[in-house]
Novice: 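This is the structure I have questions about; it appears just below.
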Amino acid sequence: MKREGRGVAMKVPYYPGCTLSTKGKGYDRSGRAVAAVLGMELVELPDWQCCGATFPLATDNSMALIAPTRVLYQAEQAGEQVAALCAICYHVLKRTQTALERDPAMRDRINWFTEQEYGGRVRVVHLLELLRDNLGWEELARRVMRPLTGLRAAPYYGCLLLRPYDEIGLDNPEAPTILHDLIRALGAEPVDFPYSTECCGSYLTVKDPTVSETLSRDIVSSARAAGAQVLVTACPLCQFNLDWPQRETEFGRTGDEIPVVYFTQLMAVALGLPEEDWGAEGMYTDPRPLLRQWAGDGDA
Amino acid sequence: MRTTISLSKLRSQFVRDVEEISGEDLLACNQCGKCSAGCPVAAAMDLLPSQVIRMAQLGMTEVLQSRTVWICASCLTCVTRCPKGVDLPRLMEALREISLRSGASEIDLDRLPPDLVRELPQLAIVGGFRKYIR
């Protein structure tokens, strides 16, 4: 997809997943909008279901592979690849794909159960991957209408987008650069901080909320200490876990909150999209007052 | 804590179950401690991750009472760093599964703050229930 391809959209089968259709609508909205302006139409799979939100780590638990295999089957009917935005959907689908590729007997067993013949050929990709490998950072930088000059953005990768490397393989699991490169292409300044790949607590938030809140506060305060004005993530659970502890409570606000945005939202601002395409309403720490500094007057 | 180590414990059904469910070789771990050093939730654990492996190696079923296996968030930092390639998150999952399959349930819905329940993203509910309830 090069410059001459502009106007002729490349259609990419797209799996939104449960959260992007509900709580994380802003990620879906901004993701589709920025992909479209870059010549990629994210075409939602006509019939999809939840991926199960966890990859089974027990080797004898093939039940939990059924839901993601159904998604992969649905994707296979639509094309050769399927794109996800949610880091957890991406993780579950990609690991399932890898597991079935390495274990054809397991694939047969699941196909027998679902009565759907999944051929095992779908390539699971993340939008970040398409931006890096199909479009390229230089081309993205050329498409930027409103460079985010001076914005100090902390890339927060979390866990499941990167690990385990031998099954996901998106980027270096200990020293990733993909979000750094994206932030730089948008004209902003990526801020390094030591908690960039630390876990936010993930599902612990439904079991031991105090444990995950402690982890989240450490991540946010580390980014703040490094001078970040905004945290950038690709995962709706990271977004929630980092943003929720910063919500306004009966005690008001502390005054040093940092908004936690999806990378697609930063892109929407830099690509000059109107504010409704940012999908930034309803977040606990409103990023719009900060981001409007880089938006044009007519867009607000 | 007083405990007895015996050959029958080292080769017990418990050890076989952990190895079968996880697909991992418990004795591959040489207790270097790198997993514990890098674990982001170690502060909230009663046993360090490497101690959990040690107890499982020795067939000590007491390890099932530890909070650690439930605090592990499966963030996969340890498996990324383990010099022996031990997939510790799979071992933790095996220990959780052994408890869950005998009827344990780790989420007490009544104790979750109502404002949190209203706001939780769907995937946290789906994933959390899959991981902590059977």
Side-chain angles (χ1 to χ4, degrees), chain A residues 17-24 50-61 64 67 86 88-89 91-92 158-160 162-166 168 173-174 195 197-215 218-219 235-237 239-241 244 247 249 284, chain B residues 17-24 38-41 43-45 67 70-81 85 87-98 100-101 105-109 111-113 115-133:
Chain A
C18 63
T19 304
L20 268 68
S21 309
T22 45
K23 178 84 183 168
C50 173
C51 70
T54 48
F55 179 79
L57 295 173
T59 52
D60 62 351
N61 183 0
C86 170
I88 300 207
C89 294
H91 174 93
V92 172
C159 316
L160 300 182
L162 303 173
R163 300 192 279 260
Y165 178 72
D166 74 324
I168 305 288
E174 295 277 25
Y195 284 78
T197 59
E198 287 283 285
C199 179
C200 69
S202 185
Y203 313 110
L204 276 181
T205 200
V206 290
K207 199 179 76 66
D208 287 301
T210 46
V211 174
S212 62
E213 284 207 24
T214 307
L215 295 170
D218 287 346
I219 294 164
C235 174
L237 188 49
Q239 198 286 329
F240 178 81
N241 282 350
W244 172 248
R247 70 195 177 278
T249 64
Y284 303 111
Chain B
D17 286 349
V18 172
E19 294 201 327
E20 186 186 327
I21 297 173
S22 66
E24 293 296 304
C39 177
V41 272
M45 292 172 166
R67 301 305 306 154
W70 301 104
I71 296 290
C72 165
S74 309
C75 77
L76 313 180
T77 302
C78 49
V79 60
T80 304
R81 297 176 182 174
D87 199 325
L88 179 48
R90 285 191 183 273
L91 289 168
M92 291 286 189
E93 180 99 333
L95 294 167
R96 283 191 294 266
E97 285 287 319
I98 288 172
L100 290 170
R101 290 174 194 186
S105 179
E106 276 296 315
I107 297 183
D108 186 350
L109 292 176
R111 284 185 50 205
L112 282 176
D115 59 335
L116 175 68
V117 174
R118 269 195 303 277
E119 296 292 317
L120 277 172
Q122 285 65 22
L123 75 94
I125 300 171
V126 176
F129 282 22
R130 277 197 144 183
K131 258 193 138 44
Y132 306 120
I133 300 178

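All values reported here derive from a predicted model rather than from experimental measurement. Protein chains get the first letters and strands the later ones, always in sequence-line order, with residue 1 at the start of each.
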Novice: Apply the test side chain to side chain contact (heavy atoms under 4.5 Å, CB included) to residues A:K23 and B:E119: give CA-CA distance (whole Å), side-chain angles for both, the deciding distance (0.1 Å), then the verdict.
Specialist: CA-CA 8 Å; A:K23 178 84 183 168; B:E119 296 292 317; 2.9 Å; yes
Novice: Supply the atom-to-atom distance A:L160 CG to B:L76 CG, rounded to the nearest 0.5 angstrom.
Specialist: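 A:L160 atom CG to B:L76 atom CG measures 6.0 Å (nearest 0.5 Å).
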Novice: Taking 4.0 angstrom as the limit, do A:E174 and B:R81 come out as a salt bridge?
Specialist: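 Salt bridge present between A:E174 and B:R81.
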Novice: Quick check for you: among B:L123, B:I107, B:V126, which has the greatest number of heavy-atom pairs under 4.5 Å with chain A?
Specialist: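 Among the listed options, the one with the most contacts to chain A is B:L123.
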Novice: What's the shortest heavy-atom distance between B:R130 and A:C51, and which atoms?
Specialist: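 Minimum heavy-atom separation between B:R130 and A:C51: NH1-O, 4.5 Å.
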Novice: Using non-hydrogen atoms and a 4.5 Å limit, figure out which bit of B:A124 sits close to chain A: side chain, backbone, both or neither.
Specialist: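 Both parts, heavy atoms under 4.5 Å.
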Novice: With chain B, which of A:G158, A:A53, A:S202 has the greatest number of heavy-atom pairs at distances under 4.5 Å?
Specialist: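 Looking at each of A:G158, A:A53, A:S202 in turn, A:A53 comes out on top.
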Novice: Go through the atoms of A:C86 and report whether side chain, backbone, both or neither lie under 4.5 Å from a heavy atom of chain B.
Specialist: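 For A:C86, the side chain is the part near chain B, not the backbone.
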Novice: Looking only at heavy atoms, what is the nearest atom pair of B:T80 and A:P173, with distance?
Specialist: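 Scanning both residues, the minimum pair turns out to be CG2-CG, 3.9 Å.
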Novice: Can you check whether B:E20's main-chain N or O pairs, donor with acceptor, with A:T59's side chain at less than 3.5 Å?
Specialist: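 Confirmed, A:T59 side chain pairs with B:E20 backbone.
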Novice: Taking all heavy atoms of B:R90 and all of A:P56, pick out the closest pair and write down the distance.
Specialist: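 It is NH1-O, 4.1 Å.
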Novice: Could you tell me whether A:D60 and B:R101 have a side-chain N and a carboxylate O separated by less than 4.0 Å?
Specialist: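 Yes, charged N to carboxylate O under 4.0 Å.
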Novice: Out of B:L91, B:V117, B:V79, B:I71, return the one with the most heavy atom pairs under 4.5 angstrom to chain A.
Specialist: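 When all of B:L91, B:V117, B:V79, B:I71 are compared, B:I71 has the most.
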Novice: Given heavy-atom pairs under 4.5 angstrom as the criterion, report whether the side chain, backbone, both or neither of A:F240 touches chain B.
Specialist: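 For A:F240, side-chain heavy atoms alone lie under 4.5 Å from chain B.
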Novice: Side chain, backbone, both or neither: which part of B:D108 has a heavy atom under 4.5 Å from chain A?
Specialist: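 Contact with chain A is absent: no heavy atom of B:D108 under 4.5 Å.
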Novice: Using heavy-atom distances under 4.5 Å, tell me whether A:Y284 contacts chain B through its side chain, its backbone, both, or neither.
Specialist: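 Contact with chain B: side chain only.
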Novice: Nearest 0.5 Å, what's the OG1-CD distance between A:T22 and B:Q122?
Specialist: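 Nearest 0.5 Å value for the OG1-CD distance: 3.0 Å.
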Novice: Against chain B, work out which of A:L57, A:T214, A:I88 has the most heavy-atom pairs shorter than 4.5 Å and name it.
Specialist: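 Most heavy-atom pairs within the cutoff with chain B belong to A:L57.
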Novice: Given that the side chain runs from C-beta out, which part of A:C89 has a heavy atom under 4.5 Å from chain B: side chain, backbone, both or neither?
Specialist: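 Nothing of A:C89, per the 4.5 Å heavy-atom cut-off to chain B.
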Novice: Specify which of A:L204, A:T210, A:D208 makes the most heavy-atom pairs with chain B at under 4.5 Å.
Specialist: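 Looking at each option in turn, the highest pair count goes to A:L204.
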Novice: Any donor-acceptor pair under 3.5 Å linking the side-chain atoms of A:R163 with those of B:T77?
Specialist: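 Side chains of B:T77 and A:R163: pair found under 3.5 Å.
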Novice: Among A:C159, A:P236, A:S21, which residue has the highest count of heavy-atom pairs closer than 4.5 Å to chain B?
Specialist: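 Sorted descending by pairs with chain B, the first entry is A:C159.
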Novice: If you round to the nearest 0.5 Å, how far is OG of A:S212 from CG of B:L116?
Specialist: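 Interatomic distance, B:L116 CG to A:S212 OG, rounded to 0.5 Å: 8.0 Å.
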Novice: Taking side-chain contact (heavy atoms from CB on, under 4.5 Å) as the criterion, tell me which of B:I125, B:L120, B:L112 meets it with A:T205.
Specialist: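 The passing option is B:L120.
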Novice: How close do B:E106 and A:K207 get, counting heavy atoms only, and between which atoms?
Specialist: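 The pair with the smallest heavy-atom distance is O-CG, 3.5 Å.
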Novice: Flag this pair as yes if the NZ/CZ of B:K131 is under 6.0 angstrom from the six-membered ring centre of A:Y203 and inside a 45 degree cone about the axis; otherwise no.
Specialist: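 Output no; distance or angle outside limits.
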